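Just so you know, these numbers come straight off a predicted model, no measurement behind them.
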Amino acid sequence: KDEPPPWDEGLMHSDFTQSAQDVSAPVRMKVMLTAAARIPADNAVLLSPWEANVEVLGAELEKHGAVLDNFGDLLEEKQDEWEPRSLLWKIEDFGGSPAWRNVILLKEAEAAHLVLRGQEESAFLSATDLIVLGSLLERLDAWPSLMDRSLELHQEGAATLARLLARTQLDAAKLRRLQEQEFQPWVPSVERLGAAMNGFYTFERKLLLGAPDGEPPLPPGYLPARSGSRFLFKPHATLRLFAESFGELKNDTSQTAFTRTDQIEAR
């Protein structure tokens, strides 16, 4: 015998109405990831951009210009395109795409190419682009994978910035301006990570009980636990475990969460 439904009002969002039907950011992200997926995994130039010849590296970046162009377009922070609970982000799980690795490699190669051309300040801005997109993804309440991808983009952007700092010729004043004006506004937010627990919980709830009215169904690859004609467990009792766990995480989110290997993954 199952138990009554858990109290989960503290983890549930208020109703959301989709107003804009033509939001282009999800479309551009799909085009970017589709193009990035075509890049061979063993591309030697992109795997070692700091050792590459400037002409060879430039040709490689031009070859994959569609990825970089769409990446740049995504950074044109338009509020209606990045509405955190937009249903248009819930149609496909972009955060789970393996093509993100190639996107990150291309941006690092772009930064290396700019350094080789003597455009150091532009190289820093290119590396910071990864952190900007990570911050935009961090806002979205659509798929748990988006938060993990957000933190990966920040981590890889910071690693590229570290490589640039190790060889920089920029003076302290320019570096301070880059840090305060270009980097600092986009760092991950503990508050947003805590709020993301609501999204993680509602996603698990959707897997257990199905999509609520007005939301798109789960795409292929995500099978609700309620599929078929039989229950193999108690859905409300199971949901209560998720509610309790995500409720605790929401109230106790700390900087350690940003290691991406902490209690959230263990839960």
J.: Are any non-hydrogen side-chain atoms of Glu138 and Pro188 less than 4.5 angstrom apart?
T.: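 Yes, at least one pair of side-chain atoms sits under 4.5 Å.
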J.: Look at the side chain of Asp93 and the backbone N and O of Ser145, then say whether any donor-acceptor pair between them is shorter than 3.5 Å.
T.: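 No, Asp93 side chain to Ser145 backbone: no donor-acceptor pair under 3.5 Å.
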J.: Hey, does the side chain of Ser126 reach the backbone of Ser122 with a donor-acceptor pair shorter than 3.5 angstrom?
T.: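 Checking the backbone N and O of Ser122 against the side chain of Ser126, no donor-acceptor pair under 3.5 Å is found.
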J.: From Glu204 CD over to Leu239 CG, what is the distance, rounded to the nearest 0.5 angstrom?
T.: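 So the CD of Glu204 and the CG of Leu239 are separated by 9.0 Å.
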J.: Going by heavy atoms in the side chains, are His64 and Val103 under 4.5 Å from each other?
T.: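 A side-chain contact is absent here, since even the closest heavy-atom pair is not under 4.5 Å.
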J.: Any chance you could lay out the side chain to side chain donor-acceptor pair (under 3.5 Å) test for Glu81 and Ser24, step after step, and finish with the verdict?
T.: CA-CA 7 Å; Glu81 293 189 339; Ser24 55; 2.5 Å; yes
J.: Could you report the tightest heavy-atom contact between Glu83 and Leu140, atom names first, then the distance?
T.: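 Residues Glu83 and Leu140, closest heavy atoms: O-CD2, 3.9 Å.
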J.: Please check: side-chain N/O of His236 versus main-chain N/O of Glu3, any donor-acceptor pairing under 3.5 Å?
T.: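 It does hold such a pair.
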J.: Could you go step by step and tell me if Leu105 and Ile39 meet the side-chain contact (heavy atoms from CB on, under 4.5 Å) rule?
T.: CA-CA 10 Å; Leu105 289 174; Ile39 301 174; over 6 Å; no
J.: Run the side-chain contact (heavy atoms from CB on, under 4.5 Å) check on Ile91 and Leu88 step by step: do they pass?
T.: CA-CA 6 Å; Ile91 297 173; Leu88 297 174; 4.1 Å; yes
J.: For residues Ala36 and Ala99, report the shortest heavy-atom separation together with the two atoms involved.
T.: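 Nearest pair, atom of Ala36 first, then Ala99: CB-O, 3.8 Å.
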J.: Should the pair Lys107 and Phe71 be classed as cation-pi, given the thresholds of under 6.0 Å to the six-membered ring centre and 45° from the axis?
T.: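 Yes, a cation-pi geometry.
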J.: Could you go through the side chain to side chain donor-acceptor pair (under 3.5 Å) check for Glu182 and Thr128 one step at a time?
T.: CA-CA 7 Å; Glu182 305 295 342; Thr128 305; over 6 Å; no
J.: Testing the basics here: between Ala25 and Leu74, what is the closest heavy-atom pair and its distance to 0.1 Å?
T.: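 Closest approach of Ala25 to Leu74, heavy atoms only: O-CD2, 3.4 Å.
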J.: May I ask you to decide if Arg85's main-chain N or O and Asp141's side chain share a donor-acceptor pair within less than 3.5 Å?
T.: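 Such a contact is absent between Asp141 side chain and Arg85 backbone.
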J.: Measure the shortest side-chain to side-chain distance between Val187 and Ile131 over non-hydrogen atoms and say whether it is less than 4.5 angstrom.
T.: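 They are not in side-chain contact.
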J.: As a quick check of understanding, evaluate side chain to side chain donor-acceptor pair (under 3.5 Å) for Trp50 and Glu108, giving each step before the final call.
T.: CA-CA 9 Å; Trp50 302 97; Glu108 182 181 1; 2.9 Å; yes
J.: Does any part of the side chain of Phe246, heavy atoms only, come nearer than 4.5 Å to the side chain of Arg205, both counted from C-beta?
T.: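 Result no, sub-4.5 Å side-chain heavy-atom pair not found.
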J.: For Phe203, enumerate each residue passing the ring-ring contact (aromatic ring centres under 6.0 Å, His included) test, keeping only those at least two apart in sequence or located in another chain.
T.: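 Applying ring-ring contact (aromatic ring centres under 6.0 Å, His included) to Phe203 gives Trp143, Tyr222.
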J.: Evaluate the side-chain proximity of Lys30 to Val27: yes if any heavy-atom separation is below 4.5 Å, no if none is.
T.: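 No - every pair of side-chain heavy atoms lies 4.5 Å or more apart.
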J.: Identify all side-chain donor-acceptor contacts of residues 192-202 below 3.5 Å with residues at least two apart in sequence or on another chain.
T.:
unit_1: Asn198; atom_1: OD1; unit_2: Lys250; atom_2: NZ; d: 3.0
unit_1: Tyr201; atom_1: OH; unit_2: Asp8; atom_2: OD2; d: 2.7
unit_1: Thr202; atom_1: OG1; unit_2: Asn198; atom_2: O; d: 3.2
unit_1: Thr202; atom_1: OG1; unit_2: Gly199; atom_2: O; d: 3.0

J.: What about Leu241 and Leu11, same hydrophobic cluster or not, with Ile/Leu/Val/Met/Phe/Trp/Tyr joined at side-chain heavy-atom distances under 4.5 Å?
T.: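 Looking at the clustering, Leu11 is in a separate group from Leu241.
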J.: Just how far is it from atom CG of Leu161 to atom NE2 of His154, taken to the nearest 0.5 Å?
T.: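 One gets 9.0 Å once the value is rounded to the nearest 0.5 Å.
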J.: Please name the pair of heavy atoms, one in Ala127 and one in Leu164, separated by the smallest distance, quoted to 0.1 Å.
T.: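 Closest approach of Ala127 to Leu164, heavy atoms only: CB-CD1, 4.0 Å.
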J.: Taking all non-hydrogen atoms of both residues, which atom of Leu46 and which atom of Ala109 are closest, and how far apart?
T.: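 Closest heavy-atom pair between Leu46 and Ala109: CD2-CB, 3.7 Å.
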J.: Under 3.5 Å, side chain of Thr238 to main-chain N/O of Lys234, donor-acceptor pair present?
T.: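 Here the side-chain-to-backbone pair exists.
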J.: Minimum heavy-atom separation for Leu208 to Pro235, with atom names?
T.: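 Heavy-atom minimum between the residues: CD1-O, 4.3 Å.
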J.: Distance from Arg38 atom CZ to Leu33 atom CG, nearest 0.5 Å?
T.: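 Interatomic distance, Arg38 CZ to Leu33 CG, rounded to 0.5 Å: 11.5 Å.
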J.: Please round to the nearest 0.5 Å and tell me the distance separating atom CG of Asn43 and atom CG of Leu106.
T.: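 Taking CG in Asn43 and CG in Leu106, the distance rounds to 8.0 Å.
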J.: Kindly say whether Gln184 contributes a backbone atom to a donor-acceptor pair with the side chain of Gln179 at under 3.5 angstrom?
T.: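 Between the backbone of Gln184 and the side chain of Gln179 there is no qualifying donor-acceptor contact (under 3.5 Å).
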J.: Is there a side-chain contact (heavy atoms from CB on, under 4.5 Å) between Val67 and Asn102? Walk through the geometry before answering.
T.: CA-CA 9 Å; Val67 177; Asn102 288 336; over 6 Å; no
J.: Report whether Leu146 and Val31 are members of the same hydrophobic cluster (ILVMFWY, side-chain heavy atoms less than 4.5 Å apart, transitive linking).
T.: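 In one cluster with Leu146: Val31, no.
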J.: Give a yes or no answer on whether the side chain of Arg149 reaches the backbone of Gly134 with a donor-acceptor pair at less than 3.5 Å.
T.: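 It does not hold such a pair.
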J.: Applying side-chain contact (heavy atoms from CB on, under 4.5 Å) to Ser245 and Phe242, what does each step give before you reach the verdict?
T.: CA-CA 5 Å; Ser245 193; Phe242 281 107; 5.9 Å; no
J.: Quick check for you: to the nearest 0.5 Å, what is the distance between Thr168 atom OG1 and Phe124 atom CZ?
T.: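 The distance works out to 4.0 Å.
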J.: What pairs meet the salt bridge (Lys or Arg N to Asp or Glu O under 4.0 Å) rule with one or both residues in residues 53-72, with sequence neighbours excluded?
T.: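 Qualifying pairs: none.
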J.: How many angstroms lie between CG in Leu114 and CD in Glu120, if you round to the nearest 0.5 Å?
T.: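 If we round to the nearest 0.5 Å, Leu114:CG and Glu120:CD are 10.5 Å apart.
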